[in-house]
Amino acid sequence: MNTWLFSGSSSTAATYPEAAANFANSSIGVTPIIRKSALGGQNSAWMANNLAAAVATYRPAIVVIQGAPNDSSSGSAGLPAGGTAVNIRRCVSIARAAGAIPVLTTATPVTSVAYDQTKMSANNAMIRALGDELDVLVVDLATILANRTDYLGSDGIHLNPTGELIAGSCVAAAILGQVNPYPPSTYTVTTADTFDRADANIDGQTTSTGAKTWSSPAILPAVAGAVVIGTVGNALRRTAGTGVSERGLALVDSGSSLPEVTATLKTMPSTLSAASGGIVIAATADGHQFAYIAQRRDTSTPGLSLYQVTSNGGGVGTALGFTTEIVPVSGGVIRCVKNAGGTVSVYLNGVLAFTTSALAPALLSATYVGFYFGGGAAHEWENLSVATPA
C-alpha cells in the first residue's frame, strides 16, 4: 500500500493524486508515496507505451489508470473508436504482470469545444464495462463530477483545486474500501443491529450485537403524534408523519469518542426531505445537542446533509455540510466517520460525499448514536453498525 502510481495526462500530472494521498492519511493514518506516469496532451496510447517502464521503476502496489480524456479531443491526441479500449486493456495487463492492483477511472468532465462529448461518453461507458469484464475497480469520476462546472478551471478542461480535492478523495476512498477495507484492523464493530424482530416496537429492546439498549427518547427530542417507529421484516421503519412531529431512537456506545456509524437505507420515496431525519451520529447525554445525516431526494436540494441541532425538546437544525452530487437511493449505504483530526466525513456507497470540521466539540466526543425521525414520508433502515477503535 505504500506506493500509488497514477497514469494519465495533464489532469493526472496536476495535484489530484496528492489529494488522494492526503485523504488516505486522514482515513487510516498512512500517506502513500505518489508517483506519476503522466504527460500533458497525451492519450491512452502514450499511457500504455510508457506504463511498463514506470511500473518497473516505482514498483507500485496500486496503479491508477486515468480515463484518457485526450482520446476524445479533436486534436492529434484523439483516437478512433475502439482504440481506447485496446490501450486500457494493455495498462491493466502491465499493472497485473508487475504484481500491482489496477484501478480504472472514467474521464473527468470537460466543457471545452475541443472535445467530442459523444466519444467521451462512449469511452467512459466502455471503461465501466471493462471494470466488470476484467474484475477491476472503477472510480466513476465522470458521474461523480457530472454537471459540476464549478469544479473546472477557466479552460473548461482541467479541474480546479476543489475539483482535484473531490477527485482525489473519491479515488482514495475507493482504493481503501476495496484494497484495505475500512474500518482498518484497529477498529472493531462494537454494536450492530439488523432489526429482525417479530415485535413491532423496538423501544427498550437490545441490539443484536453489543447488547446496547434502544431508548426513546431520553437522548433525542420527542413529540407524541403522527410518527410511529417499529420493525417490519428486517428493517426499522417509521410511518408517514405530518407537521413537525418528531421522535428519536438512540443507543449508547461508550467505547470511544471517535465512532464510525453505518446504516443502509432500505426504502426511500422519491420526495423524502431532510426534515424526515436520518442517522444520528452523535448526541450529548442531556439530549440538548445532536447531529444527524439527512438524506434527501426532493427537487430543492437532493443529496446528503449533516445537520446539527441545539434543542431542548425541539429546535431548528443547522446544515454543516452537504452534497448535491451524490443522491441517496433505496439500498444505499450511508457511513459517517468522526476522524481523529476533528473532522467528520460522510460517504454514500463508499464514495466520499463531503468532509466538514464544523461539528461542535461536545458532539465530537459524544457517543450516543441512533435515528432521528421527523414529519414527512415513511422510510426504512437496516443493518446499523457502530465501529470504534480497538
Side-chain angles (χ1 to χ4, degrees), residues 26-29 173 176-177 181-197 202-220 229 231 234-238 248-266 277-285 287 289-295 304 306-309 328 332-350 352-353 355-356 359-360 362-373 380-390:
S26 67
S27 296
I28 63 172
L176 295 176
Y182 197 93
S185 58
T186 55
Y187 273 66
T188 301
V189 174
T190 55
T191 306
D193 204 330
T194 63
F195 309 111
D196 190 8
R197 295 178 174 84
I202 198 172
D203 189 9
Q205 299 193 40
T206 57
T207 58
S208 51
T209 300
K212 303 297 181 180
T213 302
W214 290 97
S215 60
S216 176
I219 307 305
L220 304 179
I229 303 172
T231 58
N234 66 337
L236 179 66
R237 184 175 192 268
R238 46 97 58 215
L249 273 169
L251 57 89
V252 179
D253 189 291
S254 57
S256 170
S257 61
L258 295 171
E260 170 187 296
V261 184
T262 302
T264 301
L265 187 61
K266 185 172 184 181
I279 310 170
V280 172
I281 64 164
T284 56
Q289 291 188 75
F290 63 99
Y292 66 97
I293 302 297
Q295 61 292 331
L304 300 178
L306 172 62
Y307 279 86
Q308 179 173 293
V309 179
V333 179
I334 298 175
R335 187 180 88 209
C336 179
V337 182
K338 290 198 286 183
N339 303 308
T343 61
V344 173
S345 298
V346 177
Y347 304 80
L348 177 63
N349 294 331
L352 178 69
T355 296
T356 179
L359 199 67
L363 291 176
L364 282 172
S365 60
T367 54
Y368 295 92
V369 299
F371 296 91
Y372 174 56
F373 297 109
E380 298 176 0
W381 293 87
E382 60 183 351
N383 299 329
L384 177 87
S385 176
V386 181
T388 57

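Only this structure's heavy atoms are used, side chains among them; waters, hydrogens and symmetry mates stay out. What you are looking at is a predicted structure, and each value in this text was computed from that prediction instead of being measured.
- Contact of the Lys338 side chain with the Leu359 side chain is registered, since non-hydrogen atoms from C-beta on lie closer than 4.5 Å.
- For the pair Leu364 and Val344, the minimum side-chain heavy-atom distance is below 4.5 Å.
- Minimum interatomic distance between Tyr292 and Val309 (heavy atoms only, all atoms of both residues): CE2-CG2, 4.0 Å.
- To the nearest 0.5 angstrom, Ser385 atom OG is 10.5 Å from Arg335 atom CZ.
- Nearest heavy-atom pair across Ile293 and Cys336 is CG1-CB, 4.3 Å.
- A heavy-atom distance below 4.5 Å is not found between the side chains of Leu384 and Thr207.
- In terms of heavy-atom proximity, Ala283 sits nearest to Phe290 at CB-CB, 3.6 Å.
- Thr190 contributes a side-chain N or O that, together with a main-chain N or O of Val386, makes up a donor-acceptor pair within less than 3.5 Å.
- Heavy-atom minimum distance, Ala360 versus Gln308: N-OE1, 3.0 Å.
- The OG1 atom of Thr262 sits 7.5 Å away from atom CD1 of Ile279, with the distance rounded to the nearest 0.5 Å.
- Side-chain contact check for Tyr368 versus Thr284: every heavy-atom pair is 4.5 Å or farther apart.
- To the nearest 0.5 Å, atom OG1 of residue Thr356 and atom CG of residue Leu306 are 6.5 Å apart.
- The structure places CG of Leu304 at 13.0 Å from OH of Tyr347, a figure rounded to the nearest 0.5 Å.
- The shortest heavy-atom contact between Ala235 and Phe195 is C-CB, 3.8 Å.
- Interatomic distance, CD1 of Ile334 versus CD1 of Ile281, reported as 12.0 Å (0.5 Å rounding).
- Put simply, the side chain of Lys212 does not reach to within 4.5 Å of the side chain of Asp193, judged on heavy atoms.
- Atom CG of Leu236 sits about 12.5 Å away from atom OG1 of Thr264, to the nearest 0.5 Å.
- Phe371 and Trp381 have tilted rings, their planes meeting at an angle from 30° to 60° on a 0 to 90° scale.
- Residue Gly278 comes nearest to Gln295 through the heavy atom pair CA-OE1, 3.7 Å, listed as atom of the first residue, atom of the second, then distance.
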